[in-house]
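All remarks here apply to the structure that follows.
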Number of protein chains: 2
Amino acid sequence: MKGRRADDIADQLEALILDGTFAEGAHLDEVQLAARFEVSRTPVREALQRLAQSGLVEQLPRRGAFVRQPGPVELIEMFEAMAELEAVCARLAATRISDAALADLHDANARCRTAMETGDTDRYYRENERFHAIIYRQAGNGWLQQECQRLHRRLQPFRRMQLRLRGRLRQSMAEHEAVVAALDAGDGAAAADALRAHVAVQGEKFHRLIASLKSAAE
Amino acid sequence: MKGRRADDIADQLEALILDGTFAEGAHLDEVQLAARFEVSRTPVREALQRLAQSGLVEQLPRRGAFVRQPGPVELIEMFEAMAELEAVCARLAATRISDAALADLHDANARCRTAMETGDTDRYYRENERFHAIIYRQAGNGWLQQECQRLHRRLQPFRRMQLRLRGRLRQSMAEHEAVVAALDAGDGAAAADALRAHVAVQGEKFHRLIASLKSAAE
DNA sequence: AATTCACGGATTGTATACAAAAATGTCGAC
DNA sequence: GTCGACATTTTTGTATACAATCCGTGAATT
């Protein structure tokens, strides 16, 4: 037995929610979950509280925890906020990035390119993660970095979805290169604009995807 | 007995920490706190976890919870991030703010002015809160608004401290008016710059305050 | 004398038991 | 047949009991 089962349960629950096992609005019963994970209610409760603070579930006093997937409006807001946060990172990074990190960025981008050329979306996704993580870090502000990673992680499933749209990979690649060029030149404003656009277009794509799904359902 | 004692305890604990009752690095013993609040360990534990996620305490597995006040470096980072977040809000608000909200902003600023003229720092502080809250809200992005309020709240004690510095009120007032003027004109870039500077200078002041305290202690 | 290992105390993590409140189902009145 | 009050049941919130781990102390060994 290791120290904290509650953390493991929180992770597993998060996976199950993102996985779709627990649908939007589902009531997460403490005793059922306790039985499922073969623990008592205590660690389950702690896990639920953690998920509540990270936004995946909503806890109503004396009523329980419910799965709370963000709606279209909230998602648009989160994508917009992500775009703005990344823009800030880019602007700060433009003057603070180290040569080594800049080399890493070029490397990540090169890997993205090969992934794109082979049409390997999964690999593109991973290298893209690295690309953005480097920029977060090179902003030179730990708090900002943390927040960016948190939001990035939260948007992960929705971001992934629209990477498979036709031509998105190539477009994304071109945007990356604009960002790198701006950082190379040390042009903060340009880097901010390029990265903001790069992320904002993801929100746009997602928006359209939602709209098309909706109209198809009618 | 009402529904959730854990939340009350979390609030009280937060107050006690910010109050200085529990100093930096202090070990928060669960049984002691349980005795102090006349409850069992269970709600105390839940409160501690909440505070851990909000960053006021650090929880080490199997070792307990310790008061974790942000150090100088972290504070500088938080002030910088606050400046950037508020700048984003200002830029977005410049094109989205409603006429009613703009009127509110003018009103809040007017109240700030009278508070400044009477030298009432407490009142200035309250009206200043309102000023910033309006801008957060008028950014038209709920997620961003929430984050800004969260960080603002976290910086509250440190911000308050340096409002009493000589001449700061008048300077702050002038900065406010630059922000309002830019928003009046619908100039997003100018509003962003003005608000960023307004918040960044607070970080600067704080930095100097820390430095002076340090050198005085030697 | 320094180091290592063992053991006891203290403290966290988990399980279970109990209390209180809300959801649900039943019965009756209109 | 529907609405509403009351009892039952289910579920959350809290208290307590138990288990596992960490820390310090101290003695034994090199």
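No hydrogens, no waters, no symmetry mates; every other heavy atom, side chains included, goes into these values. Just so it is clear, the model here is predicted, and its values are computed rather than measured. The chains referred to below are lettered A, B, ... by the order of the sequence lines, with proteins before strands, and numbering in each begins at 1.
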> Counting side-chain heavy atoms from CB outward, which of dT16(D), dG13(D), dC22(D) is closest to R62(B)?
Replying inline: dC22(D)

> Of A65(A) and V39(B), whose nearest nucleotide on DNA chain D comes first from the 5' end?
Replying inline: A65(A)

> Are E127(B) and R130(B) ion-paired here, with the side-chain N under 4.0 Å from a carboxylate O?
Replying inline: yes

>> Nearest heavy atom decides the nucleotide; on that basis, is E38(A) or E30(B) closer to the 5' end of DNA chain C?
In response: E30(B)

> With a 3.5 Å cut-off and no angle check, do the side chains of Y136(A) and Q146(A) form a donor-acceptor pair?
Replying inline: no

> Considering only dA23(C), dG13(C), dA15(C), which nucleotide approaches the side chain of R45(B) most closely?
Replying inline: dG13(C)

> Just wondering, do L151(A) and W143(B) contact through their side chains at under 4.5 Å, heavy atoms?
Replying inline: yes

> With no hydrogens and no angle check, is any side-chain donor or acceptor of R154(A) less than 3.5 Å from a backbone partner on G55(A)?
Replying inline: yes

Short N/O separations, protein against nucleotides 5-10 of chain D, under 3.5 angstrom:
none

> Would H176(B) and H106(B) satisfy ring pair (Phe, Tyr, Trp, His ring centres under 6.0 Å), going step by step from the backbone distance to the final call?
Replying inline: CA-CA 10 Å; H176(B) 274 205; H106(B) 277 279; over 10 Å; no

> Of the nucleotides dG13(D), dA15(C), dG13(C), which one has an atom closest to the side chain of R41(A)?
Replying inline: dG13(D)

> 5'-most contact on DNA chain C: T42(B) or P61(A), nearest heavy atom basis?
Replying inline: T42(B)

>> Is it the case that the side chains of Q202(A) and R159(A) hold a donor-acceptor pair, with the cut-off being a distance below 3.5 Å and no angle test?
In response: yes

> What about R63(A), does its side chain sit under 3.5 Å from the base of dG13(D) through a donor-acceptor pair?
Replying inline: no

